[in-house]
There are 2 protein chains.
Amino acid sequence: MRINRKQGEMKARPVTSQRRLLLSVIQEAERHLDAKELYRRASERNPNISLATVYRNLHVFEKQGLINERHLGQARCYYEMKRLGEHQHLVCEACGQVIEFESPLIRKLVAEVQRKNNFSVTKVELYLEGHCHKCKEL
Amino acid sequence: MRINRKQGEMKARPVTSQRRLLLSVIQEAERHLDAKELYRRASERNPNISLATVYRNLHVFEKQGLINERHLGQARCYYEMKRLGEHQHLVCEACGQVIEFESPLIRKLVAEVQRKNNFSVTKVELYLEGHCHKCKEL
DNA sequence: ATGAGAATGAGAATCAATCGCAAACAGGGC
DNA sequence: GCCCTGTTTGCGATTGATTCTCATTCTCAT
């Protein structure tokens, strides 16, 4: 369960107030944020924070494995805290609601793909789009 | 097996030479193209074609269900002819190679998600990233 | 052949994301 | 506590992809 040791020795990163702020905003968020929304929320508490800093730190957090970067349909990226239990997204084309789900089939599927292709998979992103029960009827 | 009738009556779209050209380039492509590459290839046969036309028609083709839009990791979109047998993508982080795969588990998974969430799924995009057997060793 | 509506080309506009650089900061050593 | 070195930050400029605008051209049913 080593945190960060030898083997890729992570250089100590200064803990800056911006970094702390950004991480708390992400943690407090109910769900995924995109960079702009994160910037907006962070700006409320530190009006000086720069959008570039937001992007830079998102990359840092991702590299550190603190957050996940997700693509929800559009080109824009969304970010969320890494949680236990990988989940995937189901989006309604019509009303835009995002449902999170998980299934043991995913692990099974990934295992199969890894085996068949001799790959070691590090990232799984399943994106389903469709119509929710409400929008189906319209 | 109706082609396009009542119920959403698709308005006739003029068949333009650009449209025809773009579609053949996409069909002749071995794999996914992004807009720029499509533009490059189309320009070889019609140097006047505009990048805007490429984008416009990609959207048209997608709406018509002729092509699929895929997101391969990065922000950029890739397009490919719709083929029988949905396939998904496995990308090596290191060397960038893209492997296509399919598995009956995907259909099963989608069925499960549809049932549990009372959704009707119209688009399935599974993106796996990792290291291929060659890059694992480096 | 004609007219109405749709599509095109070219460049401007938009939007997300990145970069370059000078100034400010964090953290270890003294 | 103070200094030094390497990081990080803010800012403005930049890139790159995609979309928009609009005058012109084209397709096709009549």
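Below, chain A is the first sequence line, B the second, and so on; all start at residue 1.
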Between [X] ([atom1]) and [N] ([atom2]), how many Å, whole number?
X       : N      : atom1 : atom2 : result
A:Asp34 : C:dC15 : CG    : P     : 13 Å
A:Glu37 : C:dA17 : CD    : P     : 14 Å
B:Leu33 : D:dA17 : CG    : P     : 15 Å
B:Tyr55 : C:dG9  : OH    : P     : 15 Å
A:Tyr39 : C:dT18 : OH    : P     : 16 Å
B:His71 : D:dA17 : NE2   : P     : 16 Å

Are any of the side-chain nitrogens in [X] or [Y] under 4.0 Å away from the carboxylate oxygens of its partner?
X        : Y        : result
A:Glu112 : A:Lys116 : yes
B:Arg70  : B:Glu62  : no
A:Arg41  : A:Glu44  : no
A:Arg83  : A:Glu80  : yes

### Message
Please check this pair: side chain of B:Thr122 against backbone of A:Glu129, looking for a donor-acceptor N/O pair closer than 3.5 Å.
### Response
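Confirmed, B:Thr122 side chain pairs with A:Glu129 backbone.
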### Task
For B:Asp34 and B:Glu37, indicate whether the former's side chain and the latter's backbone hold a donor-acceptor pair under 3.5 Å.
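Yes.
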### Query
Quantified as the angle between the terminal helix axes (five pairs each), what is the overall bend of the helix from C:dA1-D:dT30 to C:dC30-D:dG1 to 10 degrees?
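End-to-end axis angle: 30°.
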### Query
If only side-chain N and O atoms of B:His59 are considered, is one of them under 4.0 Å from the OP1 or OP2 phosphate oxygen of D:dT19?
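Result: yes.
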Distances for protein N or O near nucleotides 9-16 of chain D N or O, under 3.5 Å:
from   : atom 1 : to      : atom 2 : distance (Å)
D:dT9  : OP1    : A:Thr16 : OG1    : 2.7
D:dT9  : OP2    : A:Asn57 : ND2    : 3.4
D:dT9  : O3'    : A:Gln18 : NE2    : 2.8
D:dG10 : OP1    : A:Gln18 : NE2    : 2.9
D:dG10 : OP2    : A:Ser50 : N      : 3.1
D:dG10 : OP2    : A:Thr53 : OG1    : 2.6
D:dG10 : O5'    : A:Asn48 : O      : 3.3
D:dG10 : N7     : A:Arg56 : NH2    : 2.8
D:dG10 : O6     : A:Arg56 : NH1    : 3.3

### Task
List the steps and the verdict of side chain to side chain contact (heavy atoms under 4.5 Å, CB included) for B:Ile106 and B:Glu86.
CA-CA 9 Å; B:Ile106 296 175; B:Glu86 289 309 331; over 6 Å; no
### Message
Checking side-chain polar atoms at under 3.5 Å, does B:Gln18 have a donor or acceptor matched by the opposite partner on B:Arg56?
### Response
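No - no donor-acceptor pair under 3.5 Å links their side chains.
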